[in-house]
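Report on the structure given below.
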Amino acid sequence: MSSIVIVGAGAAGIAAAEVLCAQGHRPVLIDEAERAGGQGYRQPAPDLALDMRRLMGSEAARYEALHRRFAALTERIDYRPRTLVWAVEGGTLHLLREGRAETIEATTLLLATGAMDRIAPMPGWTLPGVFTLGGAQVALKDQGCLIGRRVAFLGSSPLLLLAARQYRQMGGEVAVVADTTGLAAKARALPHLLASPRTLLRGLGYMADTLRAGTPLLHGVTPLAIEGDGHVESLRLRDAAGREHRFACDAVALGYGLKPESQLADLAGASFAYDTDFRLFLPKTDGFGRARPGLYLAGDGVAIGGADAAEASGALAAYAILSDLGKPNDAAAIPLMRRVVRLRRFQRGLARAFAWPVAQIRAQAAETVLCRCESVTIGAVRAAMAQALGPVEVNRVKAMTRCGMGRCQGRVCGPALQEIVAAATARDGAAAGRLRGQAPVKPIALAAAGDIAP
Amino acid sequence: MTSVQFKRVAERRGARVVLTFEGSAITATSGDSVLAALLTHGLLVRRHEFGDEPRAGFCLMGACQDCWVWSGHGGRLRACTTPVVEGMTLFAQPPAARDE
Ligand SMILES: Cc1cc2nc3c(=O)[nH]c(=O)nc-3n(C[C@H](O)[C@H](O)[C@H](O)COP(=O)(O)OP(=O)(O)OC[C@H]3O[C@@H](n4cnc5c(N)ncnc54)[C@H](O)[C@@H]3O)c2cc1C
Ligand code: FES
């Protein structure tokens, strides 16, 4: 029998495992995390007195259902938590579990690796107390902590309002919710957002909540600086009318939407295309999630769609796997396909209502740090490119400046680097090229890599 | 001003765990991440290799690697995804940087 390996036990990976199990398969499900659920349905440790029902709000029922379904699956799959997949070579996956290296062969590989926050650099963003927006939620759900006592939520994302609401509920003070996309752009995106009225209403509800709580809510802001002596003390920004404001705070949650964790897909041989709505290079698949024979991609790791789309696309990819293994097509796949298309269309609307702030990034001052791993400034990248015969493509710029070469492998600086490189050659983001993924996808102890070297 | 970064809002039932960071004892609860333990007691987890500036992690999901701390045994660990263990001896910088 063929071996089916799923990487990622979030909504997408769990839904896929469920469909495969129902047809008598016993997939391997690998996840780096301690507990299943991924980012959206992250489970607190059982010893943490956290009211998840209250925190998940309207999503509580889905959260509970997913974990119930996973609990019913664990005996019927080969579940491997706390296991990092750090490389893919042909059909071989390189794993690291509790400091030990091992490999596993996959004839069928489904990658459901999820996403991380997309970040735009600004003065002061490397100060202690600045965390990603997703990180602000992780601190709460994983550790029962707020990232600060008085938090500013900055960026462009519907999750700014969601996270600010969760922080208020848990007794945190919210200094401001500041979105760089203006209200006019949001109104223009409305027709796309009607593709998912349930989610649109939820978003409007969060907005009403924020206003009712008396939290300042600004649209169309220009971030100026995060300030403080050794840690965050205030956020300075300009509002849409051109007035400057300073908000005292001890933490900032920063997020401009999500970007797929697509490094493994890259190593596994998926091809990529630039997406002009998301302004990111995304892995290419057919409507079911097939990237190439034997390789399937699902969830936010291939196209940002949110938890509901992740779940549907995971099940859909599993039906594609079954069909490619010779099982007749399942009628259940058709409505799933429609659902994924609809939810991803909604997400395209979101990408316009909460836009990647291209002009603001391109206008950043030379001193602004671009790469937090290697401390490379935007000015250093511009200077390298301005030399005679200087590089005009991201991978060359990386080799020359070390921007994107640090331990995060360009996960954090990559999208902004792309805009800075494109701006220097007066082209669009696509022309700057794509930062290539490299093994190991995350730093591993050298001893582990050596264990299996020939 | 504030002298700790994180604010605990949900209590954790579990065994008391004592570790040290930069020579000071910190009391945490079994199940806490190293990062949560350090940031409920202070403002930083490490000093950057270039220019000493303080860092306190960023993504909290194991992606950015900006939360590495150094153990007394010389190895490094990723504070946001590593649970505390009784007796851990941790530092904000690798041994070579500390000796300078
Ligand atoms: C930090 C963060 C917080 C978020 N919080 C919310 C929220 O509160 N509410 C919400 O609706 N949405 C949230 N999201 C959006 C989230 O992307 C989707 O809601 C949903 O979780 C996507 O499901 P998924 O199955 O595609 O991926 P995920 O749920 O992200 O699951 C992916 C899984 O793959 C694993 N993985 C990735 N790479 C590897 C590897 N190399 N080796 C082993 N395992 C690997 C990860 O550990 C993870 O468990 C958040 C996103 C982020 C990045
Ligand atoms: S804070 Fe990003 S890896 Fe730990």
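Numbered from 1 within each chain, the chains take letters A, B, ... in sequence-line order. Just so it is clear, the model here is predicted, and its values are computed rather than measured.
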Whether the side chain of B:Arg8 engages the backbone of A:Gln143 through a donor-acceptor N/O pair (distance < 3.5 Å, no angle test) should be reported. yes
Could you check whether any side-chain N or O of B:Arg55 sits under 3.5 Å from a backbone N or O of A:Arg372, counting only pairs where one atom can act as donor and the other as acceptor? yes
CG (B:Asp52) with more than 12 external heavy atoms under 6.0 Å: yes
Just do the salt bridge (charged side-chain N to carboxylate O under 4.0 Å, His left out) check on B:Arg12 and A:Asp47 with the steps written out, would you? CA-CA 6 Å; B:Arg12 174 156 249 154; A:Asp47 57 5; 3.2 Å; yes
Main-chain N/O of A:Pro46 paired with B:Arg13 side-chain donor or acceptor, under 3.5 Å: yes
Does any backbone or side-chain atom of B:Ser33 lie under 4.5 Å from a heavy atom of chain A? Answer side chain, backbone, both or neither. both
Straight-line distance of B:Glu11 CD to A:Leu48 CG, nearest 0.5 Å: 9.0 Å
Test item: B:Lys7 side-chain N/O and A:Cys145 main-chain N/O as donor-acceptor pair under 3.5 Å: no
State whether the side chain of B:Glu53 and the backbone N or O of A:Gly230 hold a donor-acceptor pair below 3.5 Å, judged by distance alone. no
CZ/A:Arg411 to CD/B:Gln65 distance, rounded to the nearest 0.5 angstrom? 7.0 Å
For A:Ile147, is there any backbone N or O sitting under 3.5 Å from a side-chain donor or acceptor partner on B:Gln5? yes
Exercise: identify the closest heavy-atom pair between A:Phe131 and B:Gly57: CE2-O, 3.6 Å
Considering only heavy atoms and a distance below 4.5 Å, find which of B:Ser30, B:Ala56, B:Gly14 pairs most often with chain A. B:Ala56
A:Leu127 versus chain B, the contacting section by heavy-atom distance below 4.5 Å: neither
Quick one, A:Thr132 and B:Leu60 - any side-chain contact, counting heavy atoms below 4.5 Å? no
Any side-chain heavy-atom pair of A:Pro128 and B:Leu43 under 4.5 Å: no
Within the supplied structure, the quantity of interest is the number of heavy atoms (other residues, nucleotides, ligands) at a distance under 6.0 Å from A:Arg407 CZ; does it exceed 12? yes
Taking every heavy-atom pair that is under 4.5 Å apart, which of B:Thr81, B:Leu39, B:Asp66, B:Leu44 has the most such pairs with chain A? B:Asp66
Kindly give the heavy-atom pair with the smallest separation between B:Cys64 and A:Cys373, and that separation in Å. O-SG, 4.3 Å
Tell me which of these, B:Asp32, B:Leu35, B:Val45, B:Thr40, has more heavy-atom pairs under 4.5 Å with chain A than the rest. B:Asp32
Does any part of the side chain of B:Trp68, heavy atoms only, come nearer than 4.5 Å to the side chain of A:Pro443, both counted from C-beta? yes
A:Leu133, part contacting chain B, at a heavy-atom distance under 4.5 Å: neither
Is A:Val130 close to chain B through its backbone or its side chain, or both, or neither, when contacts mean heavy atoms under 4.5 Å? both
Contact leader toward chain B among A:Glu261, A:Lys442, A:Met116, where contacts are heavy-atom pairs under 4.5 Å: A:Lys442
Sub-4.5 Å side-chain heavy-atom contact between A:Thr126 and B:Phe58: no
Chain B heavy atoms under 4.5 Å from A:Gln409: which part of the residue, side chain, backbone, both or neither? neither
Relative to chain B, which segment of A:Gln137 carries a heavy atom at a distance below 4.5 Å: side chain, backbone, both, or neither? neither
